Amino acid sequence: QVQPVESGGGSVQTGGSLRLSCAAEGLTFARYAIGWFRQSPGKGREGVAAYTLGSTHYARSFRGRFTLFVHNANNTVDLEMTSLKPDDTAMYYCAAHRRTAAYNFALGWDREEAYPYWGQGTQVTVSS
């Protein structure tokens with residue numbers, strides 16, 4: 001059983017930065033991809049970014065502000081968030097997707113249903 005665990009959330013002011021980390025016991029990049037999602041109050045969950053075997057994917061609205069850092073030695077993926085705005089206030093989730101030949105991850109990396117393993121989430125609050 002793969003269980004992602006997020007860390008690094010907190011409170012910052014507008015313009016600040018935070019770095020979230022995702023680790024999962026039993027997960028290796030050879031078999032799994034990692035996705036970051038977020039859910040703001042009153043909104044649905046949205047894909048932020050994902051990593052699979054040397055490829056990274058970002059939702060258009062986060063490019064240039066959010067960056068993934070991959071640590072192959074311990075199979076963790078960090079999400080560095082800069083120039084944060086109050087609209088970035090959300091619960092951020094890390095999720096794992098077991099890669100198969102049948103699923104085109106490049107096209108479907110931001111679909112929740114592609115990820116059977118989810119962390120509990122870490123809260124990010126950005127104040128104005």
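Keep in mind the model is a prediction, meaning the values are calculated, not measured.
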Mind telling me whether Phe105 and His57 have parallel, tilted or perpendicular rings, with 30° and 60° as the class edges? perpendicular
With a 4.5 Å cut-off on side-chain heavy atoms, are [Y] and [X] touching?
X	Y	result
Arg19	Met81	no
Asp110	Glu46	no
Asp88	Arg38	yes
Asp87	Thr89	no
Thr14	Leu84	no

Ignoring hydrogens, what is the shortest heavy-atom contact between [X] and [Y]? Give both atom names and the distance.
X	Y	result
Ala96	Leu27	CB-CD1, 3.6 Å
Gly47	Ala59	O-CB, 3.4 Å
Ser40	Ala90	OG-CB, 3.6 Å
Gly108	Ala114	O-CB, 4.1 Å

If two hydrophobic side chains count as joined below 4.5 Å and joins carry through other members, does [X] share a cluster with [Y]?
X	Y	result
Phe62	Tyr92	yes
Val2	Tyr103	no
Val77	Val48	yes

[X]-[Y] aromatic ring centre distance below 6.0 Å:
X	Y	value
Tyr93	Tyr115	no
His97	Tyr32	no
Trp36	Phe66	no

Under 3.5 Å donor-acceptor, [X] side chain and [Y] backbone:
X	Y	value
Thr82	Arg65	yes
Thr125	Ser11	no
Gln123	Gly10	no
Gln39	Met91	no

Please determine whether side chain to side chain contact (heavy atoms under 4.5 Å, CB included) holds for the pair Glu80 and Leu20, giving the CA-CA distance in whole Å, both sets of side-chain angles, and the decisive distance to 0.1 Å. CA-CA 6 Å; Glu80 184 171 87; Leu20 309 181; over 6 Å; no
Hey, is CD on Gln3 packed in by over 12 heavy atoms from elsewhere, all under 6.0 Å? yes
Taking CD in Glu113 as the centre, count heavy atoms belonging to other residues, nucleotides or ligands within less than 6.0 Å. Is the count above 12?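 Yes.
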Reported CH2-to-SG distance for the pair Trp118 and Cys94, which is rounded to 0.5 angstrom: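 Nearest 0.5 Å value for the CH2-SG distance: 9.0 Å.
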Check Phe29, Trp109, Tyr58 against Tyr51 for a ring pair (Phe, Tyr, Trp, His ring centres under 6.0 Å) and give me the one that passes. Phe29
Per the side chain to side chain contact (heavy atoms under 4.5 Å, CB included) rule, which among Leu68, Thr76, Asp78, Ile34 passes with Cys22?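 Going through Leu68, Thr76, Asp78, Ile34 one by one, the side chain to side chain contact (heavy atoms under 4.5 Å, CB included) with Cys22 is satisfied by Ile34 alone.
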